[in-house]
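Every value quoted in this text rests on a predicted model; they were computed, and no experiment measured them. Numbers restart at 1 for each chain; the letters A, B, ... are given by sequence-line order, proteins then strands.
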2 protein chains.
Amino acid sequence: MLSKKCKYAIHALVYLAERHGKGPVQIGEIADSQKIPKKFLEAILLELRNNRILNSKKGKGGGYYLQRSPEEISLTEVIRLTNGPIALLPCVSLNFYESCEECVNEKNCTIRTTFLTIRDETLKILSESSLAALVKKQKKDRK
Amino acid sequence: MLSKKCKYAIHALVYLAERHGKGPVQIGEIADSQKIPKKFLEAILLELRNNRILNSKKGKGGGYYLQRSPEEISLTEVIRLTNGPIALLPCVSLNFYESCEECVNEKNCTIRTTFLTIRDETLKILSESSLAALVKKQKKDRK
DNA sequence: GGATTAGTCTACCAATTTTATAGAGTTAAC
DNA sequence: GTTAACTCTATAAAATTGGTAGACTAATCC
């Protein structure tokens, strides 16, 4: 399951994507509208900033805004940053590969291909979910 | 990612599936061959037993064995028991449904359908992975 | 240039979950 | 009645998660 941190990050980013191009949005506003503890959100947004997803502006009139266009930010990237690997086993992870320490024989591992397939399918779906796609979907649903 | 408990459970079950019909297998033998801490495995097998996946026999010549045929035990069931929900969000879980406590509006939730699709694809792959299928695959790989 | 606003950084911490281990108890076989 | 093997209860270290406190820095506005 996704951690709260990850869910908070996604919702905050979608909120920012909706307001993309309209200047910085303050942490407090995002926290209030998305019901996220403010101090916790602070740390999350900072991390997203340090990982080139967000930019920030200090001082009066400051806040956070997307560093790239909503089309170029996908859930894949957000989940990897805030929740870790997409794969269910370390030995089939693209970005966080590790052999399972208890693994007796990785090549002949019975379950490896099953979880490789799951990873591939999951990645396919996630990479189609950019922030832009999510915002578009949301607008449609509201009609 | 899957917990060690879950990976241990899967590997132990595949081991038992290979020996299905040949009488009980002792915890110690499974633990040794799969590099699983024996005491931890004890607790896992007991839980699988209490959930109708395994049966056990006490005393000399005793051990654990599958309660059903390997065709009838799928990874879906094993993961749910030892790792929890398959879904990445509680609000799209079939067996562990809960609304996300921080959710502002579940019906119009931006990300719900994405994770619903992921759950469906994952379940499809997992349900095709019975213990029998895994054992069959393993034999093929060894050739 | 000082007051205010808003992000940054460091440190901390409680609760929960994970990954075990110890040891006494029970049952079955021989 | 001894031995082999599962069962049950208790305990606990380590890691992760979710969250808070407070001092610091930078930008704006008057």
Side-chain angles (χ1 to χ4, degrees), chain A residues 1-12 16 23-32 34-67 79 81-85 88 90 96 98 100-102, chain B residues 1-12 16 23-32 34-51 53-67 79 81-85 88-90 96 98 100-102:
Chain A
M1 303 270 279
L2 298 183
S3 61
K4 287 199 172 185
K5 179 180 171 185
C6 180
K7 289 193 268 179
Y8 290 159
I10 294 173
H11 285 120
L16 287 171
V25 181
Q26 291 146 36
I27 296 175
E29 181 185 332
I30 305 174
D32 288 348
Q34 303 299 306
K35 293 205 269 182
I36 304 172
K38 193 184 164 200
K39 267 291 183 185
F40 195 21
L41 182 58
E42 244 180 73
I44 296 169
L45 296 184
L46 195 58
E47 203 180 332
L48 293 173
R49 193 203 102 105
N50 293 334
N51 284 283
R52 280 167 252 252
I53 289 185
L54 293 179
N55 251 330
S56 59
K57 192 163 179 271
K58 283 183 177 180
K60 196 169 184 179
Y64 279 98
Y65 54 98
L66 299 184
Q67 190 169 132
I79 292 177
L81 277 174
T82 57
N83 201 70
L88 291 173
F96 298 83
E98 274 180 49
C100 297
E101 41 174 321
E102 76 281 3
Chain B
M1 304 271 277
L2 297 184
S3 62
K4 288 199 172 185
K5 179 180 171 184
C6 180
K7 288 193 270 180
Y8 289 161
I10 294 174
H11 285 120
L16 287 172
V25 181
Q26 291 146 38
I27 296 175
E29 181 186 333
I30 305 174
D32 289 346
Q34 304 299 306
K35 292 206 269 182
I36 304 172
K38 192 183 166 199
K39 268 293 183 182
F40 195 21
L41 183 59
E42 246 180 72
I44 295 169
L45 296 184
L46 196 56
E47 203 180 331
L48 292 172
R49 192 204 103 105
N50 292 335
N51 283 282
I53 289 184
L54 294 179
N55 251 330
S56 60
K57 191 160 178 275
K58 284 183 178 179
K60 196 170 184 177
Y64 279 98
Y65 54 98
L66 300 183
Q67 192 168 132
I79 292 178
L81 275 175
T82 57
N83 201 72
L88 291 173
L89 294 178
F96 298 82
E98 273 180 50
C100 296
E101 39 174 320
E102 76 282 2

TODO: May I ask you to verify if any side-chain N or O of A:Ser56 is less than 4.0 angstrom from the OP1 or OP2 atom of C:dA6?
DONE: no

TODO: Establish whether the base of D:dG18 is bridged to the side chain of A:Lys39 by a donor-acceptor pair shorter than 3.5 Å.
DONE: no

Open item on the list: On DNA chain C, compare the nucleotides closest to A:Lys57 and B:Leu2; which residue's is nearer the 5' end?
Closed with: A:Lys57

Open item on the list: Could you tell me how far apart B:Glu47 (CD) and C:dA20 (P) are, to the nearest whole angstrom?
Closed with: 15 Å

Task: side chain to side chain contact (heavy atoms under 4.5 Å, CB included) between B:Ile30 and B:Leu45, worked out - done: CA-CA 10 Å; B:Ile30 305 174; B:Leu45 296 184; 4.1 Å; yes

TODO: Would you mind reporting whether A:Leu46 and A:Tyr64 have side-chain heavy atoms less than 4.5 Å apart?
DONE: yes

Task: A:Tyr8 OH - D:dT20 C1' separation (whole Å) - done: 14 Å

Open item on the list: Working to the nearest 0.5 angstrom, can you tell me the gap between B:Ile27 CD1 and B:Leu41 CG?
Closed with: 6.5 Å

Open item on the list: If I take atom NZ in residue B:Lys35 and atom P in nucleotide C:dA20, what distance separates them, rounded to the nearest angstrom?
Closed with: 13 Å

Open item on the list: Quick check on DNA chain D: between A:Gly59 and A:Ala43, whose nearest nucleotide comes earlier from the 5' end?
Closed with: A:Ala43

- [ ] Describe the nucleic acid contact of B:Gly63 in one word from base, sugar-phosphate, nothing, applying a heavy-atom distance below 4.0 Å.
- [x] sugar-phosphate

Task: Distance in angstrom units between A:Leu48 CG and C:dC9 C1', rounded - done: 17 Å

Task: A:Arg49 vs C:dT8: side-chain N/O to OP1/OP2 distance below 4.0 Å - done: yes

Task: Short side-chain to backbone donor-acceptor contact, A:Asn55 and A:Gln67, under 3.5 Å - done: no

Open item on the list: Can you measure B:Ile27 atom CD1 to D:dA4 atom C1' for me and round it to whole angstrom units?
Closed with: 12 Å

TODO: Starting at atom CZ of B:Phe40, determine the distance to atom P of D:dA12, rounded to an integer number of angstrom.
DONE: 18 Å

Task: Nearest listed nucleotide, side chain of B:Ser3, among C:dT8, C:dT19, C:dA29 - done: C:dT19

Open item on the list: Rounding to an integer number of Å, can you tell me how far A:Leu46 CG sits from D:dG19 C1'?
Closed with: 16 Å

TODO: Can you tell me the distance, in whole Å, between the CD atom of B:Glu42 and the P atom of D:dT9?
DONE: 14 Å

- [ ] For the residue pair B:Thr82 and B:Leu48, establish whether any side-chain heavy-atom pair is separated by less than 4.5 Å.
- [x] yes

Task: Residue A:Lys58, side-chain atoms from C-beta onward, closest of D:dT7, C:dT8, D:dG18 - done: C:dT8

Open item on the list: Looking only at the side chain of A:Pro37 (C-beta and beyond, no hydrogens), which of the listed nucleotides C:dT19, D:dG19, C:dG7 gets closest?
Closed with: D:dG19

